[in-house]
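So the structure is just underneath, and the comments pick up after that.
Predicted model only: the values in this text are computed from it and were never measured.
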Amino acid sequence: MKKLPELIFAAGKEGKVGYAYSACEFGDDLIAVDAEHLRQDIEDFPQVSEVEIVRHYTNLSHLNHSVDSGFYPLGSCTMKYNPKINEKIAAFEEFSAHPYSPHHLVQGNLEVIKDLEEWLCKLTGMPAFTLTPAAGAHGEFVGMQIIRKYLSSKGEPRKIVLIPDSAHGTNPASAHFAGYEIKEIPSNEEGILDTAVVKEHLNEDVAALMMTNPNTLGIFEKNIVEIAAALHENGSLLYMDGANMNAFMGIVRPGDLGADVLHLNLHKTFATPHGGGGPGSGPVGVAAHLKEFLPVPLVDENKDTKQFSVRYFNEGIGRVKNYYGNFLVLVRALVYLYSLGRENLDKVAEDAVLNANYIRKKLEPLLDLPYKSRTLHEVVFSDKNLNVKTLDIAKRLLDFGIHPFTIYFPLIVHGAMMIEPTETESKETLDAFIAAMKQVLQEAAENPEILENAPHHTPVRRLDEVYAARKLIIKWQKEENN
Ligand SMILES: *Cc1c(COP(=O)(O)O)cnc(C)c1O
């Protein structure tokens with residue numbers, strides 16, 4: 001069992017020094033800080049050496065679970081392995097140009113942006129992309145603003161956005177922030193949207209439908225073409241949440257299915273580490289009629305001179321992010337695409353689906369599977385018929401060094417366990433997970449206290465989650481909580 005290190009205060013001792021500057025050749029005045037600017041309010045500020053502080057934080061970091069340290073089947077989040085070559089190339093000095101550099105000095109970087117844009121257009125069948133949004137949810141917000149601007153320009157601002165009950169949680173939030181009223185529509189017993197049900201909800205106030213496809217049950221929305229047609233006939237648009245694109249990348253193009261707006265998560269499908277809130281990227285692709293509403297800046301290529309230029313003004317929604325978005329995430333995505341090659345992208349999707357279905361088949365005899373439709377890159381079980389809760393199973397998995405799957409989402413499944421292994425895991429890893437699940441479920445039947453008191457082998461045992469949320473303490477305070 002990994003131990004929780006002592007607080008940094010334990011290592012502190014009066015007079016220990018982390019780093020000392022030698023005398024400044026320009027005289028002390030230049031570096032002296034006026035007494036009024038020196039903090040006086042940190043009582044017992046630990047005085048430690050450099051090596052002590054490095055070890056302290058390194059040891060703390062080892063308590064974190066990560067894709068590099070273990071299996072991480074967090075559904076919908078696509079915690080795939082991110083090849084190290086992406087990091088290596090993104091670290092090239094040449095890519096770290098100042099964002100205000102004159103364009104003739106950063107032609108290579110502009111080419112990266114244009115090249116990635118073209119890759120994404122080809123892969124998705126969307127005629128144009130913006131690469132500036134900083135995350136999936138940000139992409140949704142940008143996409144909804146594009147829809148709003150487009151409809152207003154036609155003189156028919158509409159009020160309502162339809163969202164299925166199986167959509168990702170960020171969808172209603174983004175539509176709401178873009179000023180829309182949300183109307184939830186139910187999915188059917190197959191776990192997908194019925195064209196007839198969508199049609200019932202259509203009227204002249206419906207701006208768009210936001211559809212996560214494959215949806216959060218891992219099921220392909222097979223009526224999408226019909227639904228798109230019904231929306232278009234009504235003057236409404238189809239927004240497709242493509243954060244789950246690893247389920248059919250290289251095989252199906254959302255543009256061919258009728259999507260008007262699509263966002264992708266580069267930090268999921270195209271392999272940038274995420275999960276700690278680090279920089280992400282949520283490019284948004286649009287159909288031809290929405291092209292003029294894309295946010296700026298946009299990179300243009302003169303095909304004759306091979307020169308790249310940047311456009312800062314158009315009729316669109318303006319700027320949504322400083323500079324060019326999270327540029328180094330774009331570099332990683334492009335490296336990922338080139339290192340795999342177009343011909344291997346189908347294989348990514350096939351393996352993602354194969355791995356998820358392997359787990360489905362092995363666990364189906366043991367767990368309730370509320371939706372029997374064919375699933376793609378993830379599978380959602382329920383804790384119905386069990387004498388323990390999903391939370392207990394998740395906590396017990398921690399003792400096996402496995403990050404739990406996504407729990408209690410989507411809401412339409414009782415005690416949901418949403419499992420997404422991703423394509424980068426070997427059969428051995430999947431088998432180890434399945435064996436762990438079997439053991440946990442056997443314990444649940446024979447000795448449920450083991451689960452109810454889990455985890456047993458982690459540095460911190462089970463927390464009182466209600467208390468932790470209500471009385472969240474995230475700062476050390478001397479008297480009360482150390
Ligand atoms: C992850 C995810 C999002 C949100 O992406 P963020 O980058 O976390 O904002 C939206 N939709 C789906 C389906 C997702 O899986």
For this session: Flag the pair Phe381 / Met418 as yes when at least one side-chain heavy-atom distance between them is below 4.5 Å, and no otherwise.
Result: no

Problem set entry | Pairing residues for Ser69 by the side chain to side chain contact (heavy atoms under 4.5 Å, CB included) criterion, not counting sequence neighbours | His65, Ser66

Exercise. Are Phe248 and Phe220 close enough that their ring centers fall under 6.0 Å?
Worked result: yes

Exercise. With the threshold set at 4.0 Å, does a side-chain nitrogen-carboxylate oxygen contact exist between Glu87 and Lys84?
Worked result: no

Exercise. Relative to the ring of Tyr100, is the ring of His98 parallel (under 30°), tilted (30 to 60°) or perpendicular (over 60°)?
Worked result: tilted

Problem set entry | Thr272 side chain to His267 backbone, donor-acceptor under 3.5 Å | no

For this session: Would you mind reporting whether Val348 and Lys80 have side-chain heavy atoms less than 4.5 Å apart?
Result: yes

Can I get a per-line list of side-chain donor-acceptor pairs under 3.5 Å for residues 349-356, giving both atom names and the distance, sequence neighbours left out?
{"unit_1": "Asp351", "atom_1": "OD1", "unit_2": "Lys347", "atom_2": "NZ", "d": "3.4"}
{"unit_1": "Asn355", "atom_1": "ND2", "unit_2": "Thr422", "atom_2": "O", "d": "2.9"}
{"unit_1": "Asn355", "atom_1": "ND2", "unit_2": "Glu425", "atom_2": "O", "d": "3.2"}

Exercise. Salt bridge (Lys or Arg N to Asp or Glu O under 4.0 Å) between Lys114 and Glu117: does it pass, once the steps are laid out?
Worked result: CA-CA 5 Å; Lys114 197 71 209 166; Glu117 235 176 78; 2.9 Å; yes

Problem set entry | Glu420: which of Asn246, Thr406, Leu74, Val379 passes side-chain contact (heavy atoms from CB on, under 4.5 Å) | Asn246

Problem set entry | Donor-acceptor under 3.5 Å (Asp165 side chain, Ser187 main chain) | yes

Problem set entry | Partner set under side chain to side chain contact (heavy atoms under 4.5 Å, CB included) for Ala229, not counting sequence neighbours | none

Seminar exercise, completed: Sequence neighbours excluded, the answer for salt bridge (charged side-chain N to carboxylate O under 4.0 Å, His left out) partners of Lys427 is Asp431

Exercise. Does Phe433 reach the side chain of Leu363, with side-chain heavy atoms less than 4.5 Å apart?
Worked result: yes

Problem set entry | Side chain to side chain, His377 and Asn244, heavy atoms closer than 4.5 Å | yes

For this session: State plainly whether the residues Lys303 and Glu118 are in salt-bridge range, i.e. N to O under 4.0 Å.
Result: yes

Exercise. Do Leu337 and Leu116 come within less than 4.5 Å of each other through their side chains, counting heavy atoms only?
Worked result: yes

For this session: Taking only Lys NZ, Arg NE, NH1 and NH2, and the carboxylate oxygens of Asp or Glu, determine whether Glu52 and Lys16 approach each other closer than 4.0 Å.
Result: yes

For this session: Give a yes or no on whether a salt bridge exists between Arg158 and Glu156, defined as a side-chain N under 4.0 angstrom from a carboxylate O.
Result: yes

In a table with atom names and distances, give each donor-acceptor pair under 3.5 Å that connects a side chain of residues 276-295 to protein atoms at least two apart or in another chain.
{"unit_1": "His289", "atom_1": "NE2", "unit_2": "Asp260", "atom_2": "OD1", "d": "3.4"}

Exercise. So do the side chains of Leu266 and Arg332 get within less than 4.5 Å of each other, counting heavy atoms only?
Worked result: no

For this session: With sequence neighbours left out, write down each residue that passes side chain to side chain contact (heavy atoms under 4.5 Å, CB included) with His168, or none if nothing qualifies.
Result: Ser76, Thr170, Asn171, Thr212, Thr216, Asp241

For this session: Flag the pair Asp205 and Lys183 as a salt bridge only when some basic side-chain nitrogen lies within less than 4.0 angstrom of an acidic carboxylate oxygen.
Result: no

